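Since the structure comes first, as structure tokens, the remarks are kept for the end.
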Amino acid sequence: MSAIATPAHPDRRGLALGLALVAVMAIGIAVVAGGDSGRRSAPSGSAAVHGTEPPPLDVGDVARAGAAFGIAAEPERIEGGWEAEDRVRSLYVWRSPSAWYVQFEDASLLLGPAADRDVVCAAPDPPFGCGVPGVEFAADMAARPPDARTAARVARATLARAGLLPGTWRLITLPPGTDAAPCRPGLDTAFDCTRQVVPTRAVMLTHSFGPGTTAARWGVIVGPRGTVLSVTGRLAEVRHT
């Protein structure tokens with residue numbers, strides 16, 4: 001079952017994304033920066049409270065997910081799970097009593113060629129970042145956000161290749177807008193990556209386990225050319241008693 005949202009003004013992007021991801025963040029995922037390495041801390045969670053538990057998952061499954069996200073590096077063990085990283089992409093997978101929690105980020109758009117701000121902002125429909133003082137642009141950041149059907153197709157196909165979509169999932173595509181591009185510590189970019197914005201569209205996928213359980217959810221941010229910029233989610237199955 002799918003629901004395609006209608007476009008809205010880019011100013012609503014922050015609100016729409018916040019509403020989309022709060023369902024994921026509220027169920028116990030703890031994403032805390034860990035120094036220059038960019039590592040995150042493992043989340044906590046109770047199987048009794050959520051009515052779910054993490055499905056079987058090994059290093060091969062994590063490698064498959066990394067490959068689907070464009071990461072060729074072999075996963076490495078970290079406290080509570082695994083990480084897989086290359087120069088611009090990172091995947092973290094943590095185990096809690098109720099689920100696996102997953103975070104992926106792709107900062108590759110920041111390595112594109114610089115774009116002329118005067119030209120970009122003189123367009124009839126300039127990017128929202130033109131109204132933010134000091135923001136510069138890489139070429140892809142002057143592009144239009146993906147349309148709803150493209151974003152939905154890319155999000156579902158990527159998660160399916162990663163082996164992260166067991167069962168039936170309800171999909172909701174949110175209005176287009178802009179967001180800060182993922183910014184990895186030490187990334188050598190043409191401009192300060194903390195001052196970059198990119199046209200995006202958010203997609204939410206939900207799998208319900210029934211009454212008394214916490215659903216599994218994915219929040220996927222899709223940028224220009226169908227690039228998956230980030231994925232945050234919870235992979236679980238009904239608790240076996």
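Hydrogens, waters and symmetry mates are skipped; everything else that's a heavy atom, side chains included, is used. The model shown is predicted, which means the values in this text are computed figures rather than measured ones. Positions are given from 1, in the same order as the sequence printed here.
Here the closest heavy-atom approach between residue S98 and residue A236 is recorded as O-CB, 3.6 Å. Closest of all the heavy-atom pairs between A84 and P75 is CB-CA, 4.1 Å. Nearest heavy atom pair, residue W94 against residue E79, reads CD1-O, 3.9 Å. The two atoms that bring V135 and G129 nearest to each other are CB-O, 3.8 Å, heavy atoms only. For S90 against E85, the heavy-atom pair with the smallest separation is CB-CG, 3.9 Å. What you find for A152 and V203 is that their closest heavy atoms are N-CG2, 4.1 Å.
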Item to check | Full working for salt bridge (charged side-chain N to carboxylate O under 4.0 Å, His left out) between R89 and D86 | outcome: CA-CA 5 Å; R89 300 174 185 88; D86 60 22; 3.4 Å; yes

Item to check | Pair V197-D179, side-chain contact (heavy atoms from CB on, under 4.5 Å): steps then yes or no | outcome: CA-CA 5 Å; V197 292; D179 194 17; over 6 Å; no

Next on the checklist: Between Y92 and I78, does the side-chain contact (heavy atoms from CB on, under 4.5 Å) criterion hold? Intermediate values first, please.
Outcome noted: CA-CA 9 Å; Y92 298 92; I78 58 174; 4.3 Å; yes

Next on the checklist: Between L111 and R87, is the side-chain contact (heavy atoms from CB on, under 4.5 Å) condition met? List the steps.
Outcome noted: CA-CA 11 Å; L111 300 180; R87 190 165 65 99; 3.7 Å; yes

Item to check | Worked verdict on E83 versus R77 for salt bridge (charged side-chain N to carboxylate O under 4.0 Å, His left out) | outcome: CA-CA 6 Å; E83 68 176 4; R77 290 287 291 180; over 6 Å; no

Item to check | Working for side-chain contact (heavy atoms from CB on, under 4.5 Å), residues Y101 and V93 | outcome: CA-CA 6 Å; Y101 291 89; V93 181; over 6 Å; no

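Under a 3.5 Å cut-off, the side chain of R201 and the backbone N or O of P146 do form a donor-acceptor pair.
Proximity of P224 to P145: side-chain heavy atoms (C-beta onward) are nowhere separated by under 4.5 Å. The shortest side-chain heavy-atom distance between R195 and E136 does not fall under the 4.5 Å cut-off. The shortest distance between side-chain heavy atoms of L235 and P55 falls below 4.5 Å. Between F69 and D106 the shortest side-chain heavy-atom distance does not fall below 4.5 Å. A heavy-atom distance below 4.5 Å is found between the side chains of V220 and L159. The shortest distance between side-chain heavy atoms of L165 and W218 falls below 4.5 Å. Proximity of R156 to L171: side-chain heavy atoms (C-beta onward) are separated by under 4.5 Å at one or more points.
Between D116 atom CG and F137 atom CZ the span is 11.0 Å, to the nearest 0.5 Å. Taking CZ from R153 and OG1 from T158, the interatomic distance works out to 9.0 Å, rounded to the nearest 0.5 Å. Distance CH2/W169 to CE/M204: 9.5 Å, rounded to 0.5 Å. The distance from the CE atom of M141 to the CZ atom of F191 is 10.0 Å, given to the nearest 0.5 Å. Taken to the nearest 0.5 Å, the CD atom of E105 stands 10.5 Å off from the CG atom of L91.
Residues T52 and R234 have side chains that bring a donor and an acceptor to within less than 3.5 angstrom of each other.
Sorted by first and then second residue, the disulfide bond (SG atoms under 2.5 Å apart) pairs with a member in residues 54-127 read C121-C130; sequence neighbours excluded. Listed by first and then second residue, the disulfide bond (SG atoms under 2.5 Å apart) pairs involving residues 163-202 are C183-C193 (not counting sequence neighbours).
Each of T227, L109, T178, I221 was scored for a side-chain contact (heavy atoms from CB on, under 4.5 Å) with V198, with one residue passing: L109.
Residues forming a salt bridge (Lys or Arg N to Asp or Glu O under 4.0 Å) with D125 (at least two apart in sequence, or on another chain): R144.
More than 12 non-hydrogen atoms from other residues, nucleotides or ligands lie less than 6.0 angstrom from CG of D58.
Between H207 and F209, the two ring planes are perpendicular [angle over 60°; tilted spans 30° to 60°].
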